[in-house]
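Just so you know, these numbers use all the heavy atoms, side chains as well, and skip hydrogens, waters and symmetry mates.
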Amino acid sequence: MSENKPAAIYLKDYRVPDFLIDRTELVFDLDDSVTVVTSKLHMRRNPSAGRITTPLVLDGGEDVKLIGVAIDNYTLPAEEYHINAEHQLVITATPDQFLLTVETVIEPQNNTRLEGLYRSSGMFCTQCEAEGFRHITYYLDRPDVMSIFTTTLIADGEKYPTLLSNGNEVERGVSDEGKTIVTWHDPHPKPAYLFALVAGNLQHISDTFTTSSGRDVTLKIFTEPHNIDKVDYAMGALKRSMKWDEDVYGREYDLDIFMIVAVDDFNMGAMENKGLNIFNSSCLLARPDTTTDDAYLRIEAIVAHEYFHNWSGNRVTCRDWFQLSLKEGFTVFRDQSFSEDLHSETVKRVEDVSFLRTAQFAEDAGPMAHPIRPASYIEISNFYTLTVYEKGSEVVRMIHTLLGAEGFRKGSDLYFSRHDGQAVTCDDFVKAMEDANGVDLTQFKRWYSQAGTPRVQVTDEYDEQAQTYTLNFSQMTPATPGQPTKLPVVIPVKMGLIGQDGSSLRFNLAGETTTETVITLTQGEESVVFEQVAERPVPSLLRGFSAPVKLSYDYTTEQLALLLAHDSDGFNRWNSGQQIAVNELQALIAQVQSGESLNQESALVSGFSQLLADEQLDSAMVALILTLPSVAYLSELAEQIDPQAIKTARDHLKGQIAKALSESFASTYERLNVQEAYQPNEAQIARRALKNVALSYWVASGDEQAQQALVNQFRNADNMTDQYAALATAVDQDLEVADELLASFYEQWQQESLVVNKWLTLSASQTSAEGLGRIERLMQHPSFDLKNPNKLRAVFAGLTQNVTLFHDASGAGYRFLADQIAVLDKRNPQIASRLCTPLTRWRKMVPSLSDPMKSALQQLAAGDLSKDVYEVVSKSLAD
Ligand code: B3K
Ligand code: ZN
């Protein structure tokens with residue numbers, strides 16, 4: 001590893017800034033070779049800092065070239081300032097209040113990190129969160145410095161007719177050299193991470209939204225000209241989001257214009273810059289023939305998420321980056337609730353929980369485990385994690401469950417009004433919830449500081465004589481790096497009791513008779529006694545997944561089948577089916593590992609058969625229940641991960657169910673395979689989901705007619721959902737026709753970059769004799785582009801899902817990934833760091849894989865690494 005180990009930054013060291021920037025005036029002279037940035041900062045000492053003689057230290061980057069510095073128009077001589085080893089500009093002495101002018105030069109066309117200002121497909125764009133602004137000019141690049149920005153863009157108007165920044169356009173003109181000059185002004189104070197600019201030759205669509213108080217807001221979505229036919233859906237999603245935030249949170253939009261721009265090269269999904277959201281085109285562009293149903297729903301959710309940040313993140317922002325979950329956890333909760341409200345609540349909940357339990361639980365059990373408010377970091381980019389986002393959302397959801405919808409709204413109203421225009425902490429958020437409701441959330445706040453997924457064990461007793469039913473709960477949270485001991489947390493357990501006939505039983509708890517309640521656990525061990533319980537019930541626990549915990553109760557298969565068939569809570573119906581499958585799969589995995597012949601009985605056959613027979617059920621729910629737990633989820637549950645055994649067991653169970661119910665799958669497929677004009681609506685999405693699950697089982701049954709149906713669907717589909725599902729099944733089931741279909745898919749869609757990404761993933765995930773040569777070939781393919789994070793993610797997602805190739809016992813798959821990360825780290829450390837995740841699991845792998853995986857990490861560790869990759873690799877290898 002590099003000689004100078006990057007230092008950690010600690011939450012406990014937080015200090016208010018020594019200086020404030022009331023106004024920021026930026027001028028960008030954009031040019032294809034160099035871009036000149038002139039920044040005028042109206043600064044003063046921060047009265048709350050209490051320090052009167054500190055030097056002024058402004059953040060910068062190695063890629064920023066300083067041309068000159070002036071204070072109150074006096075050009076500073078070289079001895080009055082210097083650049084330190086951290087690339088900061090240090091000015092020894094300043095007045096208490098002054099105008100600082102800084103001129104810098106940057107080269108956006110050479111910016112491969114995609115942080116700060118960079119060029120992507122002939123356009124300029126920015127990404128400043130978390131610490132990208134310092135790669136544009138010297139600044140107090142921290143979220144608690146909020147300033148009013150005025151931005152002037154100067155560029156060749158022929159090449160860059162679209163010139164955008166935050167706020168409202170206030171001036172437009174032409175320079176002496178004939179360049180276009182446009183000035184934008186954003187009246188809302190904001191931290192630099194929310195700054196944005198875009199310059200390009202773009203097209204746009206426009207619309208209007210009238211806010212609840214009657215103001216008209218202009219809405220514009222910009223793309224490169226060839227994608228302008230794919231933005232209508234996002235516009236609709238934006239309007240739905242604006243309306244929902246008014247209805248549910250009372251939040252109105254606050255500028256005259258709201259703009260979204262799609263760019264191809266982007267490190268993550270999207271960015272909530274004030275009034276000018278910038279999106280990865282994969283999270284914005286939609287057209288029926290190129291976009292799957294899942295992607296439609298994801299686009300709607302991300303448009304909503306970024307829009308919702310206007311209040312939860314922008315108007316009220318984070319004091320420091322340790323508070324990231326303040327805006328991200330809350331905003332994910334808001335976007336999840338939005339999608340639940342607009343679509344099926346249960347389906348959305350199942351999808352979100354599946355993702356959480358698969359990926360976030362794995363993170364929380366690994367070397368990078370951290371609380372939703374971390375106490376330290378080396379590189380903040382590494383903390384845009386599933387824990388901060390998804391677990392953060394679960395924590396906010398628990399507050400919602402504890403306070404109820406009305407109490408929560410009182411709390412959010414108080415939070416927004418009390419802190420409007422401020423940079424605050426997670427404690428401030430919880431305090432607003434407490435004050436608005438007169439409750440004490442002191443113990444609850446342990447969720448913000450403790451990492452790890454709590455385990456809850458439940459046992460029960462029924463006293464027939466007294467008609468009392470007792471549930472005994474015990475909770476413990478396993479140790480995580482740096483946190484050997486944990487305290488009990490507050491766990492809301494939403495629950496009900498089910499009778500032998502499947503009905504919801506009434507019970508009496510604390511003098512109230514009901515069929516559903518929320519029990520709030522607070523102790524290591526505690527019991528709850530339910531009275532007037534007429535029969536021995538089957539408990540339906542943690543309904544709607546009311547807390548992000550691993551709950552276990554020793555259900556029999558019959559009890560799970562009862563819940564699957566009858567529970568009034570849709571989430572728990574699904575969960576019970578999953579639990580049966582998990583139990584069977586775990587038994588099969590053990591059989592594979594010990595070389596026994598595999599069990600041929602599955603309780604799922606009769607359950608699934610009933611589901612398929614009942615045409616009245618919600619097709620989307622049936623599709624979810626029929627979907628077996630993924631290899632990734634089974635890996636998370638495993639004591640020791642044996643990917644090949646997991647895959648063999650899963651393929652076996654799927655094949656067994658498929659063969660037993662082949663005819664039902666065929667008839668379900670035929671019933672749902674209707675001709676209709678594509679709409680991404682509820683009913684159609686549900687139908688396609690079940691149809692395509694049925695197809696995958698039918699094909700897995702080995703029926704030749706199924707293969708024919710698959711090929712027909714692939715060739716005749718008028719929408720990407722159906723075409724892709726057919727192709728993915730062909731690849732997953734390793735059908736002979738898969739190669740031919742993959743080739744024809746590429747042929748058909750080679751001009752559509754986002755569709756090509758799907759082709760890259762499926763091609764990389766395909767089992768083939770070529771081995772890693774196939775991955776190398778894909779990376780040489782004309783459609784691959786090392787600069788484009790979507791292409792990288794596409795290929796590496798395919799590789800790491802490719803059990804046979806990636807987890808080869810020789811360790812070649814792991815070494816290959818490590819080699820690629822090392823190369824990529826020089827270009828784009830954020831993306832390189834993300835790609836390390838599969839290797840961080842080495843301790844949980846079976847011994848034969850653990851050693852080679854660890855060696856791959858050690859090989860990586862021996863190189864000269866960015867802070868980003870260094871942090872992940874060193875924490876993964878730490879004792
Ligand atoms: N706030 C951005 C994420 C920025 C990631 C920076 N590495 C998108 C979002 O969460 O809405
Ligand atoms: Zn966000």
Side-chain angles (χ1 to χ4, degrees), residues 11-12 14 16 48 143-144 245 248-251 308-309 311-337 370-375 387-451 454 475 477 486-494 510 517-524 526 544-549:
L11 167 59
K12 63 177 167 44
Y14 173 82
V16 298
S48 343
D144 55 355
D245 213 15
V248 180
Y249 280 83
R251 300 292 116 199
F308 296 157
H309 269 315
W311 275 95
S312 49
N314 301 2
R315 288 287 286 250
V316 182
T317 195
C318 299
R319 185 192 74 173
D320 54 75
W321 290 122
F322 297 100
Q323 317 298 330
L324 184 57
S325 200
L326 172 76
K327 73 177 178 81
E328 296 304 347
F330 186 22
T331 305
V332 171
F333 173 66
R334 276 151 56 69
D335 83 57
Q336 289 181 350
S337 312
H370 54 277
I372 64 165
R373 182 184 52 208
T387 299
V388 165
Y389 276 65
E390 314 301 322
K391 186 177 182 180
S393 162
E394 295 300 321
V395 170
V396 175
R397 184 180 291 269
M398 285 190 286
I399 298 179
H400 189 277
T401 303
L402 293 169
L403 301 180
E406 232 174 89
F408 187 86
R409 171 66 191 270
K410 276 196 247 161
S412 68
D413 281 352
L414 181 60
Y415 169 71
F416 287 125
S417 63
R418 187 184 268 178
H419 298 297
D420 191 7
Q422 297 177 1
V424 302
T425 64
C426 297
D427 290 329
D428 293 317
F429 179 79
V430 177
K431 184 85 171 57
M433 291 290 162
E434 290 181 320
D435 291 353
N437 290 278
V439 294
D440 179 357
L441 294 171
T442 310
Q443 187 188 351
F444 183 85
K445 287 211 289 187
R446 287 179 190 160
W447 281 107
Y448 285 87
S449 53
Q450 280 191 179
Q475 63 158 293
T477 304
K486 313 275 181 174
L487 296 167
V489 285
V490 175
I491 302 176
V493 179
K494 190 171 172 195
T517 190
V518 177
I519 297 168
T520 305
L521 307 179
T522 56
Q523 317 282 314
E526 58 207 289
F545 203 65
S546 57
V549 301

Engineer: Please check: side-chain N/O of T331 versus main-chain N/O of S312, any donor-acceptor pairing under 3.5 Å?
Structural biologist: yes
Engineer: Mind checking the NE2-OG spacing from H400 to S546? Nearest 0.5 Å is all I need.
Structural biologist: 13.5 Å
Engineer: Under the ring pair (Phe, Tyr, Trp, His ring centres under 6.0 Å) rule, what do W311 and F416 come out as? Steps first, then yes or no, please.
Structural biologist: CA-CA 8 Å; W311 275 95; F416 287 125; 5.6 Å; yes
Engineer: How close do R334 and F308 get, counting heavy atoms only, and between which atoms?
Structural biologist: NH2-O, 2.9 Å
Engineer: Quick check: do D144 and D320 have side-chain heavy atoms less than 4.5 Å from each other?
Structural biologist: no
Engineer: Which heavy atom of F333 sits nearest to which heavy atom of S337, and what is that distance?
Structural biologist: O-OG, 2.7 Å
Engineer: Between R418 and D435, does any NZ, NE, NH1 or NH2 come within less than 4.0 Å of an OD or OE carboxylate oxygen?
Structural biologist: yes
Engineer: Are any non-hydrogen side-chain atoms of R446 and P371 less than 4.5 angstrom apart?
Structural biologist: no
Engineer: Tell me whether T317 contacts the main-chain N or O of N314 through its side chain, where contact means a donor paired with an acceptor under 3.5 Å.
Structural biologist: no
Engineer: Determine whether a donor-acceptor pair (N or O, by modelled atom type, separation under 3.5 Å) exists between the side chain of Q475 and the backbone of V489.
Structural biologist: yes
Engineer: Minimum heavy-atom separation for C318 and P143, please, with both atom names.
Structural biologist: O-CB, 3.1 Å
Engineer: Taking C-beta and beyond as the side chain, do T401 and K494 meet within less than 4.5 Å on heavy atoms?
Structural biologist: no
Engineer: Can any side-chain N or O of E434 pair as donor or acceptor with the backbone N or O of D440 at less than 3.5 Å?
Structural biologist: no
Engineer: Rounded to the nearest 0.5 Å, what separation is found between the OG atom of S449 and the NE2 atom of H370?
Structural biologist: 13.5 Å
Engineer: To the nearest 0.5 angstrom, please state how far the CG atom of L414 sits from the CG atom of N437.
Structural biologist: 9.5 Å
Engineer: Please find the pair of heavy atoms, one from F322 and one from P374, that lie closest to each other, and give the distance.
Structural biologist: CD2-O, 3.1 Å
Engineer: How far apart are the closest heavy atoms of P492 and M398, and which atoms are they?
Structural biologist: CD-SD, 3.5 Å
Engineer: Rounded to the nearest 0.5 Å, what separation is found between the NZ atom of K445 and the CD atom of Q450?
Structural biologist: 14.0 Å
Engineer: Do E390 and Q336 have side chains that approach each other closer than 4.5 Å (heavy atoms only, starting at C-beta)?
Structural biologist: yes
Engineer: What's the spacing between Y249 OH and F408 CZ if we round to 0.5 Å?
Structural biologist: 4.0 Å
Engineer: Return yes if some donor-acceptor pair links the side-chain N/O of Q443 with the main-chain N/O of T522 below 3.5 Å, else return no.
Structural biologist: yes
Engineer: Students often mix this up, so state it plainly: with edges at 30° and 60°, are the rings of F444 and Y448 parallel, tilted or perpendicular?
Structural biologist: perpendicular
Engineer: Hey, does D427 have a side-chain heavy atom less than 4.5 Å from the side chain of R373?
Structural biologist: yes
Engineer: Would you say E328's side chain and V388's backbone share a donor-acceptor pair under 3.5 angstrom?
Structural biologist: no
Engineer: For a 4.5 angstrom cut-off between non-hydrogen side-chain atoms, does W447 reach L441?
Structural biologist: no
Engineer: Between Y389 and S393, is there a side-chain heavy-atom distance shorter than 4.5 Å?
Structural biologist: no
Engineer: Which one of D245, D413, D420 satisfies the salt bridge (charged side-chain N to carboxylate O under 4.0 Å, His left out) criterion with R251?
Structural biologist: D413
Engineer: Relative to the ring of F429, is the ring of F330 parallel (under 30°), tilted (30 to 60°) or perpendicular (over 60°)?
Structural biologist: tilted
Engineer: Where do V424 and Q323 come nearest, in terms of heavy atoms and distance?
Structural biologist: O-CG, 3.9 Å
Engineer: Taking atom CD of E526 and atom CD1 of I519, what is their separation to the nearest 0.5 Å?
Structural biologist: 9.0 Å
